[in-house]
Amino acid sequence: MMEASAAAGLALVPMTLDDVDEVHALECSVFPHPWSRANFSDSVKAGYDAWLLRDAGGQLAGYFLLMYALDEAHLLDVAVAGTRHGTGLGRYLLDTLCARAKEMGAESVLLEVRPSNARALAVYKRFGFAEIGRRKGYYPAHEGKREDAIVMRHAL
């Protein structure tokens with residue numbers, strides 16, 4: 001668990017359409033192949049469970065988006081601002097989104113992650129996510145190539 005001192009002054013608030021530009025900017029700053037602005041806008045419009053983590057000054061520290069299907073939650077996207085990597089906020093967001101998914105009746109959380117995203121893979125594995133499969137050529141990659149996705153599951 002994240003230390004209380006690291007979580008001090010942070011607030012979890014629902015994502016709205018007014019937040020999309022800021023969320024997209026954070027996404028672009030931390031991922032080489034980011035979601036588009038339209039992906040975020042469409043997710044908010046569709047009513048996906050989308051949350052922001054803001055500090056006391058209102059600065060965006062991270063976010064997550066969940067989609068529910070029957071008894072599963074699908075983690076569509078999660079990110080922590082680059083200046084806050086290594087502070088425990090990734091773990092905090094995973095704790096928070098898993099608690100949220102459980103509240104919504106989910107029995108597990110699924111996600112896809114790039115094999116090249118070593119930092120995220122390590123965080124997910126430490127948290128207790130287990131690899132359950134691969135999706136071949138799932139992600140766009142450099143120079144028009146494709147990258148597989150590792151599919152992971154965490155029981156709640």
Side-chain angles (χ1 to χ4, degrees), residues 1-15 19-20 22-36 39-40 43-44 48-56 59-69 71-142 145-156:
M1 298 289 291
M2 189 171 75
E3 291 182 27
S5 61
L10 297 175
L12 198 66
V13 295
M15 185 186 302
D19 301 310
V20 167
E22 185 180 16
V23 170
H24 183 247
L26 191 156
E27 173 91 357
C28 290
S29 75
V30 296
F31 293 119
H33 299 281
W35 270 25
S36 70
N39 289 135
F40 289 106
S43 294
V44 171
Y48 293 155
D49 205 9
W51 293 85
L52 307 176
L53 188 63
R54 293 196 179 275
D55 66 19
Q59 188 73 24
L60 183 61
Y63 57 85
F64 68 84
L65 295 97
L66 291 168
M67 178 181 72
Y68 300 101
D71 61 352
E72 289 183 337
H74 187 160
L75 179 55
L76 300 174
D77 197 3
V78 60
V80 171
T83 58
R84 295 177 182 263
H85 286 179
T87 65
L89 288 185
R91 172 70 187 220
Y92 178 78
L93 285 175
L94 288 174
D95 282 336
T96 302
L97 70 88
C98 283
R100 177 76 183 154
K102 194 168 186 172
E103 276 178 27
M104 300 299 288
E107 295 177 6
S108 63
V109 175
L110 295 176
L111 61 82
E112 292 91 13
V113 61
R114 293 173 183 269
S116 63
N117 192 343
R119 167 174 264 148
L121 270 170
V123 170
Y124 296 143
K125 286 178 182 176
R126 278 194 312 268
F127 192 82
F129 279 86
E131 183 174 338
I132 61 168
R134 295 251 177 167
R135 298 188 199 282
K136 296 289 182 195
Y138 185 78
Y139 290 113
H142 296 296
K145 296 180 181 174
R146 306 291 297 179
E147 184 175 6
D148 293 349
I150 297 172
V151 182
M152 302 183 88
R153 179 179 181 272
H154 178 69
L156 299 175

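Given the structure is predicted, the values throughout are model-derived calculations rather than measurements.
- Taking both residues in full, the closest heavy atoms of Leu89 and Ala61 are given as CD1-CB, 4.0 Å, listed atom of the first, atom of the second, then distance.
- Leu76 contributes atom CG, which lies 5.5 Å from atom CE of Met67 (distance to the nearest 0.5 angstrom).
- With hydrogens and angles ignored, the 3.5 Å screen pairs a side-chain donor or acceptor of Arg146 with a backbone N or O of Tyr138.
- Two residues are said to be in side-chain contact when any heavy atoms from C-beta on lie closer than 4.5 Å; Leu121 and Arg126 fail this criterion.
- At a threshold of 4.5 Å between non-hydrogen side-chain atoms, the residues Arg84 and Asp55 count as touching.
- In this structure, CZ in Arg153 is found 11.5 Å from CG in Leu111, a value given to the nearest 0.5 Å.
- Judged by distance alone, the side chain of Glu147 and the main-chain N or O of Ser116 form a donor-acceptor pair under 3.5 Å.
- Of all the heavy atoms in Val30 and Gly82, the pair that sits closest is CG1-N, 3.6 Å.
- Between Pro14 and Asp19 the shortest heavy-atom distance is O-OD2, 3.8 Å.
- Taking the charged nitrogens against the carboxylate oxygens, Arg134 and Glu112 have no contact shorter than 4.0 Å, which rules out a salt bridge.
- In this structure, the side chains of Thr96 and Trp51 stay at 4.5 Å or more apart for every pair of heavy atoms.
- Atom CG in Leu53 sits 4.5 Å away from atom CG in Leu10 (nearest 0.5 Å).
- Across Leu93 and Ala79, no two heavy atoms sit closer than the pair CD1-O, 3.6 Å.
- Salt-bridge check for Asp49 with Arg100: passed, with a basic side-chain N closer than 4.0 Å to an acidic carboxylate O.
- Between Leu156 and Lys102 the shortest heavy-atom distance is CD1-N, 3.8 Å.
- Closest approach of Phe129 to Val109, counting heavy atoms only: CE2-O, 3.5 Å.
- The side-chain heavy atoms of Phe64 and Leu52, taken from C-beta on, include no pair separated by under 4.5 Å.
- Distance check: Leu65 CG to Leu97 CG gives 10.0 Å after rounding to the nearest 0.5 Å.
- Residues Phe40 and Tyr63 bring their aromatic ring centres within 6.0 Å.
- Considering CD of Glu72 and CD of Glu107, their distance stands at 8.5 Å, rounded to 0.5 Å.
- In terms of modelled atom types and a separation under 3.5 Å, the side chain of Glu27 and the main chain of Trp35 share a donor-acceptor contact.
- Not less than 6.0 angstrom separates the ring centroid of Tyr139 from the ring centroid of His33.
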- Checking side chain to side chain contact (heavy atoms under 4.5 Å, CB included) for the pair His154/Cys98: CA distance, chi angles, key distance, verdict? CA-CA 9 Å; His154 178 69; Cys98 283; 3.8 Å; yes

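- No side-chain heavy atom of Val23 sits less than 4.5 Å from a side-chain heavy atom of Val20.
- Between Val80 and Tyr92 the shortest side-chain heavy-atom distance does not fall below 4.5 Å.
- At least one donor-acceptor pair closer than 3.5 Å links the side chain of Asp148 to the backbone N or O of Gly137.
- Proximity of Leu26 to His24: side-chain heavy atoms (C-beta onward) are nowhere separated by under 4.5 Å.
- The side-chain heavy atoms of Leu110 and Met152, taken from C-beta on, include no pair separated by under 4.5 Å.
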- Task: Given side chain to side chain contact (heavy atoms under 4.5 Å, CB included), test Gln59 with Arg54 step by step and report yes or no.
- Result: CA-CA 5 Å; Gln59 188 73 24; Arg54 293 196 179 275; over 6 Å; no

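- In terms of modelled atom types and a separation under 3.5 Å, the side chain of Asn117 and the main chain of Arg114 share no donor-acceptor contact.
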